[in-house]
Participant: 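One structure follows; several queries about it will come next.
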Amino acid sequence: MFKRLLRASIERSARCFKYVSLYAVLSALCVATLPAPAAPVEPELLHTGIVPTMGLGDVSEGTLLFKTNQRGRFTPAPVLKTDVQMAVTGIIARTTVRQEFSNPSHKKGDWLEGIYVFPLPETAAVDHLRMHVGERIIEGVIKERSEAKKTYEQAKQEGKRTSLVEQERPNIFTTSVANIGPGERITVEIEYQETIRSDSDRFQLRFPMAVGQRYIPGTPVIIENQAPKGTGTILDTDRVPDASRITPPVQAPSRGPINPLSLSLTLHPGFPVSKVESPYHPIIVVPDADGGFQISLKADAVPGDRDFQLIWYPAPRTEPLATIFTEQKNGETYALLMLAPPTHHDDKVASIPRDLTFIIDTSGSMAGPSIEQAKSSLAAALTRLTTRDRFNIIQFNNTVRSLFPSLEPVTASSIRKAIRYTETLSADGGTEIVSAVRQALKSPQDKARLQQIVLLTDGQVGNEEELFEMLHLRLGTRRLFTIGIGPTPNSHLMRKTAEIGRGTFTYIGNVTEVKDNLDLLFRKLERPVLNDIAFDSSWPAVEQYPLQIADLYEGEPIVVAVKAGALPQQATLKGFAANQPWSMPVSFKHASSRGGLSVYWAREKISALMDETYKGSVEEAIRKAVLDVALAHHLVSKYTSLVAVDVTPARPTNTATEPEQPASAKMDESISINELAKGATSGQLQLLMGLATLTLAWLVWGFWKRVA
Amino acid sequence: MIPIRPTSRTLLILPVCLIAVGLWQIGEGSWIYAKARLAQYLLQRAWSRALAGETAVKPWPWADTFPVAKLIVPSMHIDLIVLNGAYGRTLAFGPGYSEPSAFPGSPGTTILTGHRDTHFRFLRRLRQQDEIVIETVHQRPQRYIVQRSQIVDARTASIRLTEGKDQLTLVTCYPFDTVFTGSPLRYVVTAIRVPSSPLRSIDRASP
């Protein structure tokens, strides 16, 4: 009996197995007959030359490239020698990079044109270009961009040595050098100024060292428009180079890629320093009389595989520290005021009860990873509240909803409620950001508390003007901080919103960054050192950037650049520290004089002017204003370029020029296709899955009928 | 020991569950296509309101976007409303205009994105010299002529925005005939603006 039953069940399961396998075969067939996702097709143009070439986007260091016959591809010339001099004043660094390049070709009549690409920090201002030809030095002249280009092209045609510096993006500059003779060496000298990065309690400066070592792609794979007319969209794949797989090209093997680099630096931090260090390169530090340092590399030949990095730490102090530098230039006085927060906090003073309002964007555009990031950011913020604080959460899509009717004291139960509320948030619908911010600004103002609004959004909204206007009108004593979420947040909107809201903008690109970035932000939020900072009214008419001085937070110095006909002997800086009036006399009498302040001021003014775009100013007016500043201060900008022309023709003009170069490969603003949304729905897959499941159901049904 | 005999009831539950799951999947799948169709009807209405002078017309009250242009391919009787913003949410309803690029119909490069299995299915049939018309609220319709179609790898390719040419770039997923999403390849059609011409062709497109 038992045996029979066993056999029956075995038989049954065998039959069952038959059906299952039938289904498996069926579904496999289904999938197989569908066109499989095609393997990546060969790009239309697979370029494998002997000399590796590269696109402009491959460049991670300053590098001289020679144009090839192929549009948009360049072959790098070997760097012979690089000499770097840097001077740090407060938070400004001026860098002079001299690089000697050669045309590796020895063929007669092989004159070349090169493009020199230089990635710089976003705050960098290029203001000098010098071309050394033999004993002569040709200084670059600042001109309106189109005019500079014309000058360059003309000199090129006439066979003169010429070079041109253009700003392609705020952080990428290119120099074109025309008419480099065979075997000839040309020295290009660029001078730029940048602002030092500072975080929590240290200041750091970097210089990209690995010129000519790291940047060559293994097998360049390019998809590019090769239409000889040069019309239409260019889709070029600018590969991110992978240093480990790369061998540098050797254009003239006899010389080899020798690449010595010398670097020297003077450091005047403007405050007492406890330590100076370079994590990757041994350095020699020599203190000088006025509290500064002379720094040079210990070894002549430094490893070219790491960026040079210099870090210095301010000495501990409990008072904010103001440092002033001045510069006289063309009858004007420029001053740079740096206010550094104390490094050690007095805990008694620090904690002021806070009112925190979190505004979280739950509109449709936040769907997916963005809302998850926002939720974890919010959860992280909630854990940092103390029982003296009050808080509220407002979410908005096409409606605005808030967790509590008004600010709620922090208790165990309110936090629990908030965490539960956060977990249930999901993204859908429209983006009524203005109503949400208006709601947050309705809370009564209270001078005794820090009133902070934290806005988490991807900023995909259209009515930014309305938002800015409302903030201007109703902000009062509150501060608004923005946290940018998602892969492509509208960072202009958020930076601007934070600026008007007198807070800061923090960008979070992916979930793993949430914790570190927010910890930093929330620590700052807990401890403002000074707020409502301004110069006293007796200060004479000056032009000051930024127009509104930001609040001073822990670990973040403020820098103000001013221009005036004449500076007073003394001015007073006023503000509030933990609700108590605070003031500090600022003496210009003994301020030390430094170069480069006018450039910093001009760069700040230009970026303030470029911001006008978002206030709805006409571009033509902005262009005019930027031109005025940039031309006066010799600055390369979106609208101005530097051009240098050697007056004596170098290339005999009767010889044929190098093979006709296609129109200059301008590196334009471009959009990576990957940033665009995916172009397919899961509809087909779901329909197919549905059908397959129904078929399976039908089969099982048949089986059941047989058994029953 | 008594073997556990599958009762008729337990065996019945399985096909019923499977039917439910199957219907649910088919429902979800069909809803995607229904939504794509239906939304375009609502959008056409919103578009007429936009033409009548309203700004940023929301096609339905909770919409996250608004119509910015009309994309017409006269030879294929394609007439689509283009939405502002090209993220997953908007693309379900219509082709989306990618914001950093030039506004449809204005000078520069305009990038429009769409789903290969709904609105932008017609891209595969577009050939060189085909005419595309972009209608916007404030301008007369602009004509574009297709220059070429390319297949590119989205991880590496990019589209230049300032080419000195006024052009229209239509982007969708590739390959067209696969049920799987997430392919890194994209199908890119580039069209160049030509001087506006015979109103005839436009009349034909929007009767």
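Because the structure is predicted, anything quoted here is derived from the model rather than measured. No hydrogens, no waters, no symmetry mates; every other heavy atom, side chains included, goes into these values.
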Participant: At a 4.5 Å cut-off on heavy atoms, which part of B:Ile26 comes close to chain A: side chain, backbone, both, or neither?
Facilitator: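 Its backbone and side chain both get close to chain A.
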Participant: Do A:Trp701 and B:Ile19 make a side-chain contact, defined as non-hydrogen atoms from C-beta onward lying under 4.5 Å apart?
Facilitator: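 No. Closest side-chain heavy atoms not under 4.5 Å.
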Participant: How close do A:Ala697 and B:Leu18 get, heavy atom to heavy atom, and via which atoms?
Facilitator: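 So the minimum-distance heavy-atom pair works out to CB-CB, 3.5 Å.
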Participant: Among A:Leu691, A:Leu694, A:Asn398, which has the most heavy-atom pairs under 4.5 Å with chain B?
Facilitator: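 So the answer, after comparing A:Leu691, A:Leu694, A:Asn398, is A:Leu694.
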Participant: Quick check on B:Arg37: does its CZ atom have over 12 non-hydrogen neighbours (other residues, nucleotides or ligands) under 6.0 Å away?
Facilitator: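 For B:Arg37, atom CZ is not crowded (no more than 12 foreign heavy atoms under 6.0 Å).
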Participant: Quick check on A:Asn397 against chain B: is it the side chain, the backbone, both or neither that has a heavy atom closer than 4.5 Å?
Facilitator: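 Interface part for A:Asn397: neither.
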Participant: Under a 4.5 Å cut-off applied to non-hydrogen side-chain atoms, are A:Met689 and B:Trp24 in contact?
Facilitator: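 The answer is no; the side chains never approach within 4.5 Å.
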Participant: Looking at every heavy atom in both B:His115 and A:Thr681, which two are closest together, and how far apart are they?
Facilitator: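 Smallest interatomic distance, heavy atoms only, reads ND1-CG2, 2.8 Å.
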Participant: Heavy atoms only: give me the nearest A:Val700-B:Leu14 pair and the separation to one decimal.
Facilitator: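 Closest approach of A:Val700 to B:Leu14, heavy atoms only: CG1-CD2, 3.7 Å.
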Participant: Can you name the closest pair of heavy atoms from B:Ile32 and A:Gln686 and give their distance?
Facilitator: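 Taking B:Ile32 first and A:Gln686 second, the nearest heavy atoms are CD1-OE1, 3.5 Å.
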Participant: Looking at B:Trp60, I'd like to know if its CH2 atom is crowded, meaning that more than 12 non-hydrogen atoms belonging to other residues, nucleotides or ligands lie closer than 6.0 Å.
Facilitator: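 Yes, enclosed.
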Participant: Identify which part of B:Phe120 has an atom lying under 4.5 Å from any heavy atom of chain A, answering side chain, backbone, both or neither.
Facilitator: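 Neither part; nothing is under 4.5 Å.
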Participant: Is it true that atom CZ of B:Arg121 has more than 12 heavy atoms of other residues, nucleotides or ligands lying nearer than 6.0 Å?
Facilitator: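 Atom CZ in B:Arg121 is crowded, with more than 12 foreign heavy atoms closer than 6.0 Å.
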Participant: Which distance, rounded to the nearest 0.5 Å, do you find between the CG of A:Leu685 and the CD of B:Glu28?
Facilitator: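 If I round to the nearest 0.5 Å, the distance is 11.5 Å.
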Participant: So which heavy atom on A:Leu687 is nearest to which on B:Ser30, and how close?
Facilitator: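 For A:Leu687 versus B:Ser30, the nearest heavy atoms are CD2-OG, 3.7 Å.
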